[in-house]
Each structure stands twice: as C-alpha cells, then as structure tokens.
**Q** 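Pasting in a structure now, in structure tokens, and then I'll have a few things to ask.
Below, all heavy atoms of this structure are taken into account, side chains as well, without hydrogens, waters or symmetry copies. Below, chains carry the letters A, B, ... as their sequence lines are ordered, and counting in each starts from 1.
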Amino acid sequence: MRDEDLSCALLVWYDAHARDLPWRVGPAARAAGMRPDPYAVWLSEVMLQQTTVAAVRDYFHRFTRLWPDVAALAAAEDAQVMGEWAGLGYYARARNLLKCARVVAGEMDGRFPDTREGLLALPGIGPYTAAAIAAIAFDRPETVVDGNVERVMSRLFAVQTPLPSAKPALTALAARLTPAQRPGDHAQAVMDLGATICTPKKPACGICPLRAPCAARQQGIAADLPRKTPKKPKPTRLGIAYIGRRSDGAWLLERRPEKGLLGGMLGWPGTGWAEAAPAEAPPAPANWRDAGEEVRHTFTHFHLRLALRVADLPGDCAPAQGQFLPPEAFRPSDLPTVMRKAFDLARGQLGAR
DNA sequence: AAATCGTGGTA
DNA sequence: TTACCAAGATT
C-alpha cells in the first residue's frame with residue numbers, strides 16, 4: 001500500500017473516531033474552519049509530556065479557568081502556578097511553562113511563533129512539542145514523534161531495532177506518512193490510534209484501520225513491538241522528613257531549590273535522600289517523635305522510604321531550616337505527591353486543631 | 001549522550 | 001508487590 005493511501009485511511013478513521021478532548025478542535029469543526037487556540041494547544045502539549053490524558057484533564061481545566069490566555073499566565077505568581085501544578089509531576093515543566101509564557105507575552109506580543117524552529121527556541125518546548133504545536137495549531141506539515149507514533153510505526157513497518165536506537169528510523173518512517181494536507185489532524189490521528197487501538201500491551205488489531213498493511217500484524221508480532229533496551233533497576237534511598245506545627249497552626253515548610261528533584265516546590269524540611277541511612281537533622285529543637293509509619297514513594301530513577309518525625313512547635317520557634325506558613329496560606333494540594341503523602345500520615349499523629 | 005526528572009493506572 | 005507505561009525536555 002502506498003504511503004498516501006495509508007495516511008488517507010488513517011484520516012478517514014480519525015474523522016469517525018477522533019477522541020473528544022477539551023483542548024482539541026475535532027475534525028468536523030476543523031473542516032468548518034475552526035482553529036484551535038495556540039495557547040490551549042501549547043498548554044495541553046506541555047502537560048501531556050510523559051503524562052496520560054486522564055491525569056491532564058482536570059489540570060487543564062483549572063489552568064485555563066485561572067489563566068485564560070498567555071498574558072494572564074505570564075502575570076501569575078510563581079508560587080501559585082507551582083501549587084496548581086503540584087501532583088502532575090516533572091516540575092521543570094511548570095517552571096519552563098512560566099518562563100515561556102513570559103517570553104511570549106513580553107517579547108512576542110502574546111502570539112506564539114507559528115513555525116517549528118521558532119517554537120523550538122522557547123523554554124520547555126523540545127522536538128516533539130514544537131512539531132505538535134506547529135502542526136496542530138498552525139497546520140504546518142511537521143512530523144510529530146511521541147511514544148504513540150514510535151509504537152505505531154514500529155508495528156506498521158515491523159521495525160525490530162530496539163528503542164531508543166530505533167528513534168531516527170521511526171522518525172523517518174513517520175515523516176514519510178505525514179501528508180501535505182491536514183498534517184495537524186494526521187498527527188492527532190496517529191496518536192489517537194496509538195492510544196486507543198495500537199496500545200502497548202494488547203493491540204486491537206481486529207478493528208485497526210491499518211490492519212491490512214501492518215507488517216507486525218502479518219507476522220503476528222504486533223504485541224512484541226516496539227522492542228526496548230532493558231532499564232536499569234531502581235535503587236532504594238532513605239530519608240527523614242520533619243513535619244512541625246506551631247501553636248498558632250502554622251506549618252514549617254521549605255521552598256525547594258529551583259534545580260533538581262521537586263525543584264521549586266514546597267516540601268517538608270529534612271535530610272537528603274541517599275542509600276545510606278540518614279542521621280537525624282531536625283530543623284528546630286523540639287520533642288520530635290517518630291510518626292510510626294514511613295512514606296513509600298517511587299520516583300523516576302529510585303524508590304524512596306521516607307521516615308517521618310512530627311512535633312508541636314512553640315510560638316517563638318526560630319527554625320534553622322524552612323519557614324512557617326499559616327494554614328490559610330497553603331493547601332495540601334499545593335504539595336508534590338510525596339510531600340502530601342507525608343502530610344496525610346503526620347496530620348493524624350498531630351491531632352485536630 | 002547518558003542521566004535526570006513524577007505520578008497514577010494497570011497487569 | 002513489582003514493573004511497565006504515558007502527547008519528552010534538559011544538561
């Protein structure tokens with residue numbers, strides 16, 4: 001089957017089966033001349049980096065309600081944006097989101113660049129996101145390669161080379177299929193196919209619009225592709241966090257440094273996290289007691305077992321680490337997940353107030 | 001260019 | 001319980 005016929009079959013399928021997503025202008029509306037808002041496309045694409053649609057939906061709604069356009073986001077307080085991003089992970093995305101919004105609002109009159117090259121120069125926009133915004137928001141014939149596209153291409157052409165080595169070859173195959181007409185819909189069609197039909201574990205080849213030309217299906221190896229080089233095992237690291245509450249109800253928290261894990265987010269003061277057992281390092285003198293239960297949490301490249309200490313702190317407490325935030329100045333939902341888990345356990349130990 | 005950087009759902 | 005996986009970017 002010719003490449004043109006493949007992409008045509010894909011668009012026919014997309015016209016009938018496109019997912020209804022909050023940030024998307026569907027194929028029918030698109031054909032009627034509707035255009036997606038580049039701000040919404042950018043925001044959704046950044047949120048969707050290594051993140052599922054299900055997890056992004058509510059965050060996208062909250063962000064667009066709080067900040068309807070790039071100028072509003074650019075004017076937001078850093079702490080509020082980081083708090084709204086909390087729980088979504090990969091917090092460098094939120095820091096770069098703000099940087100990018102401020103460049104676009106401050107130096108580009110609030111308009112996003114409409115080319116892949118222009119977009120690529122902005123913070124937090126890499127090869128995938130630049131191509132996605134250019135194709136989806138501006139209908140540029142750019143080739144979008146994410147995990148879905150890699151999977152679909154590796155199966156369609158039965159590429160046996162394992163990822164990530166196979167990435168250039170898969171990109172070339174995806175480029176071959178990118179049509180001059182409706183490249184934005186094409187990009188979304190491949191990703192929808194990968195997300196709903198050509199899934200990682202049990203692909204639904206029986207209802208796939210590309211089942212006839214698919215080389216992996218012909219060979220009966222669709223579910224085995226793409227091959228991937230094995231990952232390194234995750235070590236376990238240990239740490240201690242100190243959750244203190246002052247007599248007026250204020251919590252002792254710290255703003256983590258911009259760089260590194262959970263950068264820019266709120267957290268509980270404590271030890272570093274290492275494979276060796278940590279020594280006690282209370283942020284203020286007090287009667288710290290063991291919370292009894294530890295937090296177990298898995299990050300991208302290590303497991304964490306976080307022991308918890310809790311204490312009631314005096315009104316004149318002068319901590320060496322962190323700062324007191326009154327309860328009305330922060331919500332548990334402002335904390336990254338590992339810190340919120342710690343809060344949930346410790347709050348029970350400290351009792352009501 | 002290999003390592004770093006989160007989280008929740010799923011099998 | 002563990003491991004894998006999801007619309008990757010940055011250094």
**Q** Could you walk me through whether A:Phe60 and A:Trp23 pass ring pair (Phe, Tyr, Trp, His ring centres under 6.0 Å), step by step?
**A** CA-CA 8 Å; A:Phe60 179 82; A:Trp23 47 84; 5.3 Å; yes

**Q** Rounded to the Å, how far apart are A:Asp146 CG and C:dC5 C1'?
**A**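 Those two atoms, CG and C1', are 13 Å apart.
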
**Q** Any chance you could list the contact pattern along nucleotides 5-11 of chain B? Use B for base contacts, S for sugar-phosphate-only contacts and - for none, protein heavy atoms under 4.0 Å, 5' to 3'.
**A** BBBS---

**Q** Kindly state each residue pair satisfying salt bridge (charged side-chain N to carboxylate O under 4.0 Å, His left out) with at least one member in residues 43-69 of chain A, sequence neighbours excluded.
**A** A:Arg62-A:Glu84

**Q** Which comes earlier along DNA chain C counting from the 5' end, the contact point of A:Leu122 or that of A:Trp23, where each point is its nearest nucleotide?
**A** A:Trp23

**Q** Is the terminal nitrogen or CZ of A:Arg256 (NZ for Lys, CZ for Arg) located under 6.0 angstrom from the six-membered ring centre of A:Trp273 and within 45° of that ring's axis?
**A** yes

**Q** What is the distance, rounded to the nearest whole Å, between atom CD of A:Glu258 and atom C1' of B:dT4?
**A**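 For the pair A:Glu258 CD and B:dT4 C1', the rounded distance is 16 Å.
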
**Q** For C:dT11 versus B:dG6, give the span between their P atoms, rounded off to a whole number of Å.
**A** 14 Å

**Q** Atom CG of A:Leu163 to atom P of C:dC4: distance rounded to whole Å?
**A** 15 Å

**Q** Base, sugar-phosphate, or nothing: which does A:Leu21 touch, judged by heavy atoms less than 4.0 Å apart?
**A**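 Base contact.
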
**Q** Using ring centroids (six-membered ring only for Trp), state whether A:Trp251 and A:Phe324 fall under 6.0 Å.
**A**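 When the ring centroids of A:Phe324 and A:Trp251 are compared, they turn out to be at least 6.0 Å apart.
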
**Q** Could you state the atom-to-atom distance from NZ of A:Lys232 to P of B:dA2 in whole Å?
**A**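 Rounding to the nearest Å, NZ of A:Lys232 and P of B:dA2 are 10 Å apart.
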
**Q** Reading DNA chain C from 5' onward, which residue's closest nucleotide shows up sooner: A:Arg24 or A:Ile125?
**A** A:Arg24

**Q** Below 4.0 angstrom, which residues in residues 164-196 of chain A have at least one non-hydrogen atom near DNA chain B?
**A** none

**Q** Side chains of A:Ser7 and A:His186: do they bring a donor and an acceptor to under 3.5 Å?
**A** no

**Q** Looking only at side-chain N and O atoms, does A:Gln160 offer a donor or acceptor that is under 3.5 Å from a partner on A:Arg227?
**A**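 The criterion, which ignores hydrogens and geometry beyond distance, is satisfied for A:Gln160 and A:Arg227.
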
**Q** Should the pair A:His297 and A:Phe299 be assigned to parallel (<30°), tilted (30 to 60°) or perpendicular (>60°) ring geometry?
**A**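 Rings of A:His297 and A:Phe299: perpendicular, over 60°.
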
**Q** Of the nucleotides C:dG8, C:dT10, C:dC5, which has the atom closest to the A:Asn96 side chain?
**A**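 So the side chain of A:Asn96 is nearest to C:dT10.
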
**Q** If you measure only the distance, is there a donor-acceptor pair under 3.5 Å linking the side chains of A:Glu254 and A:Gln323?
**A** no

**Q** Any luck finding a side-chain donor-acceptor pair between A:Gln49 and A:Thr129 under 3.5 Å?
**A**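 A:Thr129 and A:Gln49 do have a side-chain donor-acceptor pair below 3.5 Å.
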
